[in-house]
Structure formats: structure tokens, C-alpha cells
Amino acid sequence: MTFRVLVFAAPIFVAAALSACVTEEGYRQQMSTWQGRMGDDLVIEWGAPQEKSTLTDGRQVWTYNRSSVEQQAGYYRDEQRQVKRTITDKDGKQRGDTITETYPGWQPPRSYTSACTTRFVLSPAQRIEEVRFEGNACLAEER
């Protein structure tokens with residue numbers, strides 16, 4: 001592995017190691033602490049919901065959406081390929097050689113989108129009864 005590859009790969013490995021305990025189960029654990037609390041507590045900590053819906057039984061569903069786009073710059077990385085060549089010497093004898101060539105390969109810039117939608121179901125008395133979520137960014141540290 002060349003230095004150039006290490007420079008770009010190291011932050012990815014560090015982020016993966018640090019986020020090893022950040023999981024969907026951790027987010028589920030964190031969200032379960034909201035059950036039984038009041039909607040006012042939620043507004044104080046999370047702000048106003050992006051969307052409110054009323055169910056037929058009078059309960060409300062408050063929806064919070066969170067998303068982010070992360071950019072990774074383009075970079076060159078060393079790539080290798082093996083090339084087989086047949087060489088004929090001055091006596092006319094042929095022999096095969098395998099040569100390993102190293103050349104720069106371009107990795108184009110990339111965008112990564114992550115999103116999490118969290119829905120809180122509140123009783124008519126504004127007490128949180130249930131929490132549901134979906135998305136690849138619904139992650140938190142496990143307890």
C-alpha cells in the first residue's frame with residue numbers, strides 16, 4: 001500500500017473504528033427513553049416537528065427528518081496489473097515473463113447521503129406513547 005493510499009484510507013479506518021459502537025440498536029435504545037415523556041420535552045430538545053398528523057383515534061404523529069450529504073474529494077491511487085510478455089532472445093528462443101506494472105488510477109469525487117425519519121406518537125394528553133424510525137442515519141451509541 002502506498003503512502004498516497006494510506007493518506008486517504010486512514011480517515012476512513014479511524015471513522016469506522018470510532019463508530020463501531022454507533023448502531024441502529026443504539027438509536028432504538030435512545031428513542032425508547034422518550035416513551036412516557038411529554039411532547040413539550042420533545043419540542044424543547046428537538047424543536048418543532050417538520051410535520052404533524054392526527055390519527056383517527058385522536059393521537060398525533062410528530063415527524064422529524066434529518067439528512068446530510070457528505071462529499072469525498074477525488075484522488076489518485078496506485079493500481080497494479082500484471083502483464084505477460086513473450087521475449088525472444090538473440091538465439092531465437094522464447095521465454096515468458098510476467099511484469100507487474102503500477103500506474104495511477106483516478107477515484108472520482110463521491111457524495112454520500114444519509115437520512116433518518118423519526119416519528120413520535122403522542123396521546124391526546126400529549127404524552128409520547130410510541131417512537132418509530134427509518135433510514136440509514138438512525139444511529140446512536142449503544143448503552
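Note that this is a predicted model, so its numbers are computed, not measured. Side chains are part of it too, since the values below use all heavy atoms of this structure and drop only hydrogens, waters and symmetry mates. Counting from 1, the numbers follow the sequence of the chain as shown.
- The two atoms that bring Thr33 and Gln30 nearest to each other are OG1-O, 2.6 Å, heavy atoms only.
- One side chain, Thr23 or Glu142, offers a donor N or O that lies under 3.5 Å from an acceptor on the other.
- Separating the CD1 atom in Ile99 from the NZ atom in Lys84 is a distance of 12.5 Å, to the nearest 0.5 Å.
- Linking Ile, Leu, Val, Met, Phe, Trp and Tyr whenever their side-chain heavy atoms come within less than 4.5 Å leaves Val61 and Val43 in two separate clusters.
- In Arg66, the CZ atom is crowded: over 12 heavy atoms of neighbouring residues, nucleotides or ligands sit closer than 6.0 Å.
- Taking the charged nitrogens against the carboxylate oxygens, Arg59 and Asp57 do have a contact shorter than 4.0 Å, which makes a salt bridge.
- Under the 4.0 Å criterion applied to side-chain N and carboxylate O atoms, Glu130 and Arg119 are not assigned as salt-bridge partners.
- When side chains are defined from C-beta on, Trp62 counts as touching Gln126, because their heavy atoms get closer than 4.5 Å.
- A 4.5 Å side-chain heavy-atom check between Arg37 and Arg127 finds every atom pair outside the cut-off.
- Rounding to the nearest 0.5 angstrom, the gap separating the CD atom in Gln82 from the OG1 atom in Thr100 is 4.0 Å.
- Two residues are said to be in side-chain contact when any heavy atoms from C-beta on lie closer than 4.5 Å; Tyr75 and Arg77 meet this criterion.
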- Query: Are Gln50 and Thr63 close enough, and set up right, to give a side chain to side chain contact (heavy atoms under 4.5 Å, CB included), and what steps lead you there?
  - Reply: CA-CA 6 Å; Gln50 282 91 5; Thr63 304; 5.7 Å; no

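- Here the side chains of Pro104 and Trp106 are not in contact, with every heavy-atom distance at 4.5 Å or above.
- There is a path of hydrophobic side-chain contacts, each under 4.5 Å, that joins Leu122 to Phe133.
- For Glu70, the CD atom is loosely surrounded, since the number of other residues' heavy atoms within 6.0 Å does not exceed 12.
- By the 4.5 Å heavy-atom criterion applied to side chains, Pro49 and Phe120 are not counted as neighbours.
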- Take Gln80 and Glu101 through the test side chain to side chain contact (heavy atoms under 4.5 Å, CB included) and record every step on the way to the result. CA-CA 6 Å; Gln80 292 185 339; Glu101 297 179 334; over 6 Å; no

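- When all heavy atoms are compared, the tightest approach of Tyr64 to Gly47 is OH-O, 2.8 Å.
- Residues Arg143 and Gln29 share a closest heavy-atom pair of N-OE1, 2.8 Å.
- Rounded to the nearest 0.5 angstrom, Glu24 CD and Cys116 SG are separated by 9.0 Å.
- Nearest heavy atoms, Pro124 versus Gly58: CG-O, 4.1 Å.
- The two residues Asn136 and Thr113 come nearest to each other via the heavy atoms ND2-O, 3.4 Å.
- Here CD of Glu129 is found 11.5 Å from CD of Gln60. Values are rounded to the nearest 0.5 Å.
- Pairing each heavy atom of Thr118 with each of Met31, the nearest pair is CG2-SD, 3.9 Å.
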